[in-house]
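Along the sequence shown, residues are numbered consecutively beginning with 1. All values derive from a computational prediction rather than experimental measurement.
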Amino acid sequence: MYSAYAIANEFIRRAQAGRLPGLNSMKLQKLMYFAQAWHLQETGTPFFEDTFTRGKNGPVLNSIHHQVKCYCERPITQTIRILSGGDDREVWRVPEVQRYDATSLALVDAICEQFGHLSAQALSDLTHRPGSAWSQAEADGSPISEAAIRDDVTV
């Protein structure tokens, strides 16, 4: 299982290569949600480690939000970097999916193919449909369970 940062960076790389138009913060959040839902529905296990919460525009990963919120509605241009290391050495690294992991890369590509042409608002609207995991409670920042995401009939 990957970190949410690694999966987000795969979407950002596709946007940088011109294969994912209009990738802003909200669109990235929704693509991440669909990737998690598809993986849960196909395998019963999460694609990445993190918890979605109920934001007013749909499911949100707070960790990703904090990394890309500076872009607002503008396209994301840089991959996410995180600081790691020990007491005596700090290193910035870019989390990524391993190039040999064809299954994970194919899932990101499938999400791009299915949803990448849609705007951030259109993707948000999809997550708001009746029966979605997001719609089962108020948009109050509460967590969305993996079971609710797996059982989301709108994905």
Side-chain angles (χ1 to χ4, degrees), residues 1-17 19-20 22-69 71 76 78-84 92-155:
M1 184 176 0
Y2 290 100
S3 71
Y5 301 126
I7 303 304
N9 279 338
E10 287 306 317
F11 286 112
I12 294 168
R13 282 190 182 93
R14 282 154 181 76
Q16 290 171 328
R19 296 174 41 208
L20 185 56
L23 184 67
N24 62 18
S25 179
M26 185 162 69
K27 184 169 182 172
L28 176 60
Q29 292 282 349
K30 303 318 164 241
L31 294 174
M32 295 285 291
Y33 176 77
F34 293 127
Q36 186 78 310
W38 277 24
H39 199 273
L40 283 165
Q41 290 170 359
E42 290 179 18
T43 69
T45 61
F47 191 29
F48 53 83
E49 298 178 70
D50 214 332
T51 302
F52 282 95
T53 60
R54 289 180 174 85
K56 76 172 190 173
N57 292 315
V60 174
L61 292 166
N62 290 319
S63 61
I64 299 299
H65 172 73
H66 292 300
Q67 291 287 330
V68 298
K69 67 183 176 184
Y71 290 101
I76 298 170
Q78 297 292 316
T79 52
I80 295 169
R81 297 183 320 143
I82 60 171
L83 187 61
S84 62
W92 285 98
R93 65 181 188 85
V94 177
E96 61 186 7
V97 172
Q98 299 300 313
R99 297 293 119 204
Y100 62 80
D101 187 352
T103 303
S104 295
L105 296 170
L107 176 57
V108 172
D109 287 336
I111 294 296
C112 290
E113 186 174 317
Q114 183 72 29
F115 301 104
H117 66 283
L118 298 172
S119 69
Q121 186 58 56
L123 293 171
S124 178
D125 292 345
L126 288 175
T127 67
H128 284 63
R129 293 187 300 191
S132 71
W134 177 88
S135 71
Q136 297 173 16
E138 294 295 316
D140 59 0
S142 62
I144 303 173
S145 71
E146 285 180 5
I149 295 170
R150 182 194 63 234
D151 297 338
D152 189 328
V153 298
T154 67
V155 176

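- For the pair Y71 and N24, the minimum side-chain heavy-atom distance is 4.5 Å or more.
- A donor-acceptor pair under 3.5 Å is formed between the side chain of W134 and the backbone N or O of G55.
- Taking both residues in full, the closest heavy atoms of P130 and T154 are given as O-CG2, 3.5 Å, listed atom of the first, atom of the second, then distance.
- Atom CD of E113 is surrounded by 12 or fewer heavy atoms from other residues, nucleotides or ligands within 6.0 Å.
- Rounding to the nearest 0.5 angstrom, the gap separating the CD atom in Q114 from the CG atom in L31 is 11.0 Å.
- The backbone N or O of S135 sits nowhere less than 3.5 Å from a side-chain atom of H128 that would complete a donor-acceptor pair.
- Here the CZ-OH distance, from R93 to Y5, works out to 10.0 Å after rounding to the nearest 0.5 Å.
- From N62, atom CG reaches atom CG of D50 across 8.0 Å, with rounding to the nearest 0.5 Å.
- What you find for L23 and F11 is that their closest heavy atoms are CD2-O, 3.6 Å.
- Between I76 and L28, some side-chain heavy-atom pair lies under the 4.5 Å cut-off.
- Atom CD of Q121 and atom CG of N57 lie 6.5 Å apart (nearest 0.5 Å).
- For the atom pair CD1 of I7 and CD1 of I12, the computed distance is 11.5 Å after rounding to the nearest 0.5 Å.
- A pairwise comparison of heavy atoms in I64 and A8 identifies CD1-CB, 3.8 Å as the closest pair.
- Side-chain contact between L126 and K30 is absent, with no heavy atoms from C-beta onward closer than 4.5 Å.
- Here the side chain of N9 pairs a donor or acceptor atom with the backbone of I80 at under 3.5 angstrom.
- The closest donor-acceptor contact from the side chain of T127 to the backbone of P59 lies at 3.5 Å or more, if one exists at all.
- In this pair, Y2 and F47 present their aromatic rings perpendicular. The plane angle is above 60°, beyond the 30 to 60° band.
- Side-chain atoms of F115 and K27, non-hydrogen and from C-beta on, never get closer than 4.5 Å to each other.
- Taking NE2 from H39 and CD1 from I149, the interatomic distance works out to 13.0 Å, rounded to the nearest 0.5 Å.
- Looking only at side-chain heavy atoms (C-beta outward), R19 and C112 stay at 4.5 Å or farther from each other.
- Within 6.0 Å of atom CD in Q98, more than 12 heavy atoms from other residues, nucleotides or ligands are found, so the atom counts as buried in its surroundings.
- Within the 4.5 Å cutoff, the side chain of L40 has heavy atoms near those of the P46 side chain.
- Of all the heavy atoms in A133 and A148, the pair that sits closest is CB-O, 3.4 Å.
- Residues V94 and R13 meet the side-chain proximity criterion, which asks for heavy atoms closer than 4.5 Å.
- Taking all atoms of both residues into account, the shortest heavy-atom contact from Q67 to R81 is OE1-O, 3.7 Å.
- Listed here is the closest heavy atom pair of S25 and V68: OG-CG2, 3.5 Å.
- Put simply, the side chain of R54 gets close to the backbone of P143: a donor and an acceptor are under 3.5 Å apart.
- Using a distance-only test at 3.5 Å, with no hydrogens or angles considered, no donor-acceptor pair links the side chain of E96 to the main chain of A6.
- Under the 3.5 Å distance criterion, the side-chain polar atoms of R14 are matched with a main-chain donor or acceptor of E10.
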